[in-house]
Protein chains: 2
Amino acid sequence: MRTVSRTRPREPAEPVPDAARGIPDATIARLPVYLRSLTSLCDRGTVTASSDELARAAGVNSAKLRKDLSYLGSYGTRGVGYDVAYLRYEIARQIGLSQDWPVVIVGVGNLGQALAKYAGFRSRGFRIVALVDADPGRVGEALEQLRIRPLAELEALVEQHQVAIGVITTPAGAAQDVADRLVTAGVTSILNFAPAVITVPDGVDVRKVDLSIELQILAYHEQRKLAHLATDVGESA
Amino acid sequence: MRTVSRTRPREPAEPVPDAARGIPDATIARLPVYLRSLTSLCDRGTVTASSDELARAAGVNSAKLRKDLSYLGSYGTRGVGYDVAYLRYEIARQIGLSQDWPVVIVGVGNLGQALAKYAGFRSRGFRIVALVDADPGRVGEALEQLRIRPLAELEALVEQHQVAIGVITTPAGAAQDVADRLVTAGVTSILNFAPAVITVPDGVDVRKVDLSIELQILAYHEQRKLAHLATDVGESA
DNA sequence: TGGGATTTGTTCCCGCGTTCACAAGCTCTT
DNA sequence: AAGAGCTTGTGAACGCGGGAACAAATCCCA
């Protein structure tokens, strides 16, 4: 009975991409935070930082930070810490920020406009190459050196600019249709701000940001605080 | 060994708060999604729905949905399903949406404006009662029947409107200071859109929404897709 | 009234992520 | 040159959440 790759999730025979193979999702979600902290330290002239310092800057546990970084490789020096500039470069590279990502925004309402004007995207490796809206009254309007395009041109714009990432800021009702069209046109990653559940084929990544839900989660905790207060008072009586 | 149908792990002596004691965070985060699905079904005239139907509408597994709902209590009927309107009311109540939550927005830039204009908040139990900005040039400007107030009035506004939830949409540099002042003024829940890690005392909840980070996570997966494509081609050769 | 069909509520198990704790390894001083 | 003092990288333990599977409970129909 040979121990073929069955019951063996990871093969130690991999040449290099071994590190990139299985970075946990939870770690991926934190890498951008580390990146931001490193950039901040870098700008301040810091050359070296320990895991403890980095962890404090990023708002996490130092053990977690070390384990996260260990998935990328061994970029620290024992007894010293991490070279800030080097680590920053490595994280940026492995996240995929050494290149510029063209992005299309569909739905130029309040939120779509705000995103289009937000300078933080450009400085972090994302370039908004097209704004699309279904409202004919808004088509043609200029915004941040871009002219709003009609929904009909969506597919052409995606292909023309080789867009891989689409942002949906439409009303809920239009979200699924827009998502379908984005996927058909070749987009394989979607950031969905519409308050709707959208389904996509395998191989397409969707991340959802729902502002109302965030507030509702806070409201739940607020209510619990009030309830706790009440029972505490009751108990002390 | 009698198969007594009891073996009850829960004490039936508790009045009500037993259920509310330990709802997992992951479940809390999904309840608003269920709520939205239920509202949608309700508007469509649906009276009863099975866990399978609800789960599909919410984009989750039916077992997960049943378990989530079981934390709230037994609101379903075996062999039938859930009463849509009743379940909707119960979730709304337990989340804390039977009351209106006053909210203050600090930082009326692109995003702050978009949030102020967003109608979805009001319809979901949140009322924006104040807009605050540090820029004297913007103070006084009217937005959605609210006049932008100077940062100096923050504390007074929080107290006046009994604000428990604050939204930070300032630049990163101002976020920690604003958070400190919000907390001092009595705010115990913060929704932070600023690309900065903010620290708050125990008992204060912070949720962070970082748009750049969401895109960066997508970028990582995009890059991996490209890499996979390359290695697949290589392997097939 | 009883049996079958249906659907919930729950238990059990598994895998992921977090945290602790420590060995390995580097630097600096004496 | 050797040891003291740090700091990283990681093995192991633990707790939480997800999913399958099943028993309990309700409805429907003959």
Side-chain angles (χ1 to χ4, degrees), chain A residues 6-10 12 18-19 21-31 33-34 38 41 46-84 86-87 90-91 217, chain B residues 1-12 18-19 21-31 33-34 38 41 46-84 86-87 90-91 217:
Chain A
R6 319 185 314 120
T7 72
R8 192 71 6 179
R10 57 203 181 283
D18 177 58
R21 282 285 162 193
I23 303 184
D25 287 347
T27 296
I28 297 298
R30 283 187 294 267
L31 289 181
V33 181
Y34 302 158
L38 286 165
L41 286 172
T46 310
V47 175
T48 300
S50 71
S51 63
D52 217 36
E53 293 171 293
L54 284 178
R56 244 193 306 277
V60 299
N61 189 300
S62 73
K64 193 189 297 190
L65 180 132
R66 285 201 302 277
K67 180 158 283 198
D68 282 343
L69 295 184
S70 78
Y71 289 115
L72 307 181
S74 283
Y75 294 119
T77 308
R78 297 174 194 229
V80 178
Y82 297 89
D83 182 301
V84 172
Y86 181 39
L87 183 59
E90 270 302 323
I91 292 181
I217 293 171
Chain B
M1 51 184 175
R2 305 170 299 175
T3 53
V4 274
S5 56
R6 281 81 82 103
T7 72
R8 58 191 91 170
R10 61 210 183 284
E11 271 297 332
D18 177 58
R21 282 287 160 193
I23 303 184
D25 287 347
T27 296
I28 297 297
R30 282 186 295 267
L31 289 180
V33 181
Y34 302 157
L38 286 165
L41 286 172
T46 310
V47 175
T48 300
S50 70
S51 64
D52 217 37
E53 293 171 293
L54 283 178
R56 245 193 305 276
V60 300
N61 188 300
S62 73
K64 194 189 299 190
L65 180 132
R66 285 201 301 277
K67 185 179 284 196
D68 282 343
L69 295 184
S70 78
Y71 289 116
L72 306 181
S74 283
Y75 294 119
T77 307
R78 296 174 195 228
V80 178
Y82 298 89
D83 182 298
V84 173
Y86 181 38
L87 184 58
E90 268 304 322
I91 292 181
I217 293 171

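Values below: every heavy atom of this structure, side chains too, minus hydrogens, waters and symmetry copies. Per chain, numbering begins at 1; letters A, B, ... match sequence-line order.
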From CD of E90(B) across to P of dT8(C) the rounded distance in Å is 17 Å

When you compare the protein's N or O atoms with those of nucleotides 3-7 of chain C, which come within less than 3.5 Å of each other, and at what distance?
residue : atom : partner : partner atom : Å
dT7(C)  : O4'  : G79(B)  : N            : 3.1
dT7(C)  : O2   : G79(B)  : N            : 3.3

Atom CG of L65(B) and atom P of dT8(C) are separated, to the nearest Å, by 9 Å

Minimal heavy-atom distance between V33(A) and A58(A), with the atoms involved, is CG1-O, 3.7 Å

Got a list of protein N/O to nucleotides 17-19 of chain D N/O distances below 3.5 Å?
residue : atom : partner : partner atom : Å
dG18(D) : OP1  : R30(B)  : NH1          : 2.8
dG18(D) : OP2  : R30(B)  : NH2          : 3.0
dG19(D) : OP2  : K64(B)  : NZ           : 3.3
dG19(D) : O6   : K67(B)  : NZ           : 2.3

R66(A) atom CZ is separated from dC6(D) atom P, nearest whole Å, by 15 Å

Closest non-hydrogen atoms of S62(A) and A55(A), given as atom of the first, atom of the second and distance, are CA-CB, 3.5 Å

Salt-bridge criterion met for K64(B) and D68(B) (N-O under 4.0 Å)
no

From OH of Y75(A) across to P of dT10(D) the rounded distance in Å is 13 Å

Is there a side-chain contact between L65(A) and Y34(A) (heavy atoms, below 4.5 Å)?
-> yes

When rounded to the nearest 0.5 Å, the distance separating CD of E53(B) from OH of Y82(B) is 12.0 Å

note: D83(A), atom CG; dT7(D), atom P; distance rounded to Å ~ 16 Å

Value for CG (L31(A)) from CD1 (I91(A)), rounded to nearest 0.5 Å, stands at 5.5 Å

Strictly under 6.0 Å, is that where the ring centroids of Y86(A) and Y75(A) end up?
yes

Between I217(A) and A29(B) the two heavy atoms that sit nearest each other are CD1-CA, 3.7 Å

note: L54(B), atom CG; dT8(C), atom C1'; distance rounded to Å ~ 12 Å

Rounded to whole Å, the OH-P distance (Y71(A) to dG11(D)) equals 11 Å

* To do: Determine yes or no for a side-chain-to-main-chain donor-acceptor pair under 3.5 angstrom, with T77(B) supplying the side chain and V80(B) the backbone.
  => no

In whole angstroms, the gap separating C1' of dT7(D) from CG of D52(A) amounts to 10 Å

